[in-house]
Amino acid sequence: MPDVKLHPDWLARIGGEFEQPYMAALKQFLGDERAKGKAIYPRPRDWFSALDATPPQGVRVVILGQDPYHGPGQAHGLCFSVQPGIRVPPSLVNIYKEMQSDLGISRASHGYLAHWAEQGVLLLNNVLTVEAGQAASHKGKGWETFTDAVVASVAADPAPKVFILWGSHAQKKAARVAALGAGSPHLILRAPHPSPLSAHNGFFGSRPFSQANDFLEAHGRGAIDWRLPDAPGPLSAE
């Protein structure tokens, strides 16, 4: 991995993953793709932004996405989030619609979700990179093994958390939480993906935000403020 500068608390928990053969193969793949001149999103320094934004001891909610947005300037390492100044993608529009229905929160004018991450919402994609314009192009290259380890580490921590799993890709990760058995301290919320292709099949009306907050408050962990403040200006494209 180029210049991996992961939060030290995450390194203490999952740093050993970087020594595994699958990670060496993933590093080789990504290096080869970049050497071919292919654009890869997000930029390398943002590959682990979800972990840097939400240290392990602060995780209260986990939202799992599939892979990063593959359009220019969109992805910055937090699932479903886009950089300030970028048009809100359709899936996030639907997330905002459900949030308004669930909590009465008006739709934000931007798609920058750092405010959630700062409160302990781990916004983790299943796969952390993608080739420009090619959805799911880095599927099966090793990222899934790494994010399995992240989810397993979060689930093993006994502090009660909420896992919000939208769509089949995210729900496969539920096995890492379910492995704890009936004594698990966590809440798992499953629903279809918020994509326009599936949102009307049960995502709308699933009320994940109020359910998450009710659970967190009942377990003394405090509610998430899902309202998004005004976004800062666009991030640097360097």
Side-chain angles (χ1 to χ4, degrees), residues 1-31 34 40-68 75-84 112-130 138 141-165 170 173 176-177 179-180 184-186 212 216 219-225 229 232 235-238:
M1 297 294 109
D3 300 324
V4 173
K5 296 178 181 178
L6 202 59
H7 191 288
D9 291 338
W10 279 115
L11 280 176
R13 297 191 183 204
I14 59 169
E17 297 300 311
F18 292 99
E19 308 302 322
Q20 298 301 314
Y22 82 85
M23 189 60 78
L26 174 59
K27 181 178 180 179
Q28 183 68 48
F29 165 75
L30 292 169
R34 298 178 75 199
I40 294 175
Y41 300 137
R43 53 193 173 183
R45 75 185 196 192
D46 289 335
W47 290 355
F48 302 102
S49 288
L51 301 181
D52 284 331
T54 312
Q57 67 273 16
V59 175
R60 293 191 283 161
V61 177
V62 179
I63 296 179
L64 292 170
Q66 295 181 12
D67 60 349
H76 64 102
L78 307 183
C79 74
F80 294 107
S81 180
V82 292
Q83 299 194 70
Y112 187 57
L113 305 181
H115 179 62
W116 294 358
E118 292 163 359
Q119 296 180 77
V121 181
L122 179 60
L123 297 167
L124 183 69
N125 275 312
N126 191 33
V127 173
L128 301 188
T129 58
V130 69
H138 292 182
K141 302 299 183 181
W143 280 127
E144 295 92 337
T145 303
F146 177 78
T147 53
D148 274 353
V150 172
V151 171
S153 173
V154 172
D157 187 303
K161 303 171 191 68
V162 181
F163 289 79
I164 298 177
L165 310 178
K173 295 285 191 190
R176 300 287 167 172
V177 186
L180 298 176
S184 171
H186 311 307
L216 291 171
H219 289 82
R221 301 214 66 196
I224 302 294
D225 178 9
L235 300 179
S236 168
E238 295 178 0

Visitor: If every non-hydrogen atom of Gly222 is compared with every non-hydrogen atom of Leu216, which pair is closest and at what distance?
Guide: O-CB, 3.3 Å

Visitor: About how many Å separate CD of Gln119 and CD1 of Ile224, when rounded to the nearest 0.5 Å?
Guide: 5.0 Å

Visitor: I'd like to know if the side chain of Arg60 reaches the main chain of Arg221, judged simply by a donor and an acceptor atom lying under 3.5 Å from each other, with no hydrogens or angles considered.
Guide: yes

Visitor: Sequence neighbours left out, what passes salt bridge (charged side-chain N to carboxylate O under 4.0 Å, His left out) with Asp52? Give chain and number order.
Guide: none

Visitor: Testing Leu123, Leu78, Val61 one by one against Trp116 for a side chain to side chain contact (heavy atoms under 4.5 Å, CB included), which residue passes?
Guide: Leu123

Visitor: Can you sort out the partners of Glu118 under side-chain hydrogen bond (donor to acceptor under 3.5 Å, both in side chains), two or more places apart, ordered by chain and number?
Guide: none

Visitor: Using the rule given for side-chain hydrogen bond (donor to acceptor under 3.5 Å, both in side chains), can you reason through Ser81 versus His76, listing the C-alpha separation, both sets of side-chain angles and the distance that settles it, and then say yes or no?
Guide: CA-CA 7 Å; Ser81 180; His76 64 102; 2.7 Å; yes

Visitor: Taking all atoms of both residues into account, what is the closest heavy-atom pair of Ala155 and His186, and its distance?
Guide: O-NE2, 2.8 Å

Visitor: Can you list everything that forms a side-chain hydrogen bond (donor to acceptor under 3.5 Å, both in side chains) with Gln66? Sequence neighbours excluded, please.
Guide: none

Visitor: Suppose we screen for side chain to side chain contact (heavy atoms under 4.5 Å, CB included). Which residues come up paired with Thr54, at least two apart in sequence or across chains?
Guide: Val59, Ala117, Leu122

Visitor: When rounded to the nearest 0.5 angstrom, what is the spacing between OG in Ser49 and NE2 in His7?
Guide: 13.0 Å

Visitor: Which residues satisfy the salt bridge (charged side-chain N to carboxylate O under 4.0 Å, His left out) test with Arg13, sequence neighbours excluded?
Guide: Asp157

Visitor: How long is the straight-line distance from CG of Leu165 back to CG of Leu64, given to the nearest 0.5 Å?
Guide: 5.5 Å

Visitor: Nearest 0.5 Å please: distance from the CG atom of Asp67 over to the OG1 atom of Thr129.
Guide: 8.5 Å

Visitor: Is there a donor-acceptor contact under 3.5 Å from the side chain of Glu144 to the main chain of Asn126?
Guide: no

Visitor: Just how far is it from atom OG1 of Thr145 to atom OH of Tyr22, taken to the nearest 0.5 Å?
Guide: 6.0 Å

Visitor: Is a side-chain N or O of Ser153 found less than 3.5 angstrom from the main chain of Ala149, in a donor-acceptor match?
Guide: no

Visitor: Going by side-chain hydrogen bond (donor to acceptor under 3.5 Å, both in side chains), name the residues that satisfy it together with Gln57, two or more places apart in sequence or in a different chain.
Guide: Asp9

Visitor: Trp47 and Pro42: which non-hydrogen atoms are nearest, and at how many Å?
Guide: NE1-O, 2.9 Å

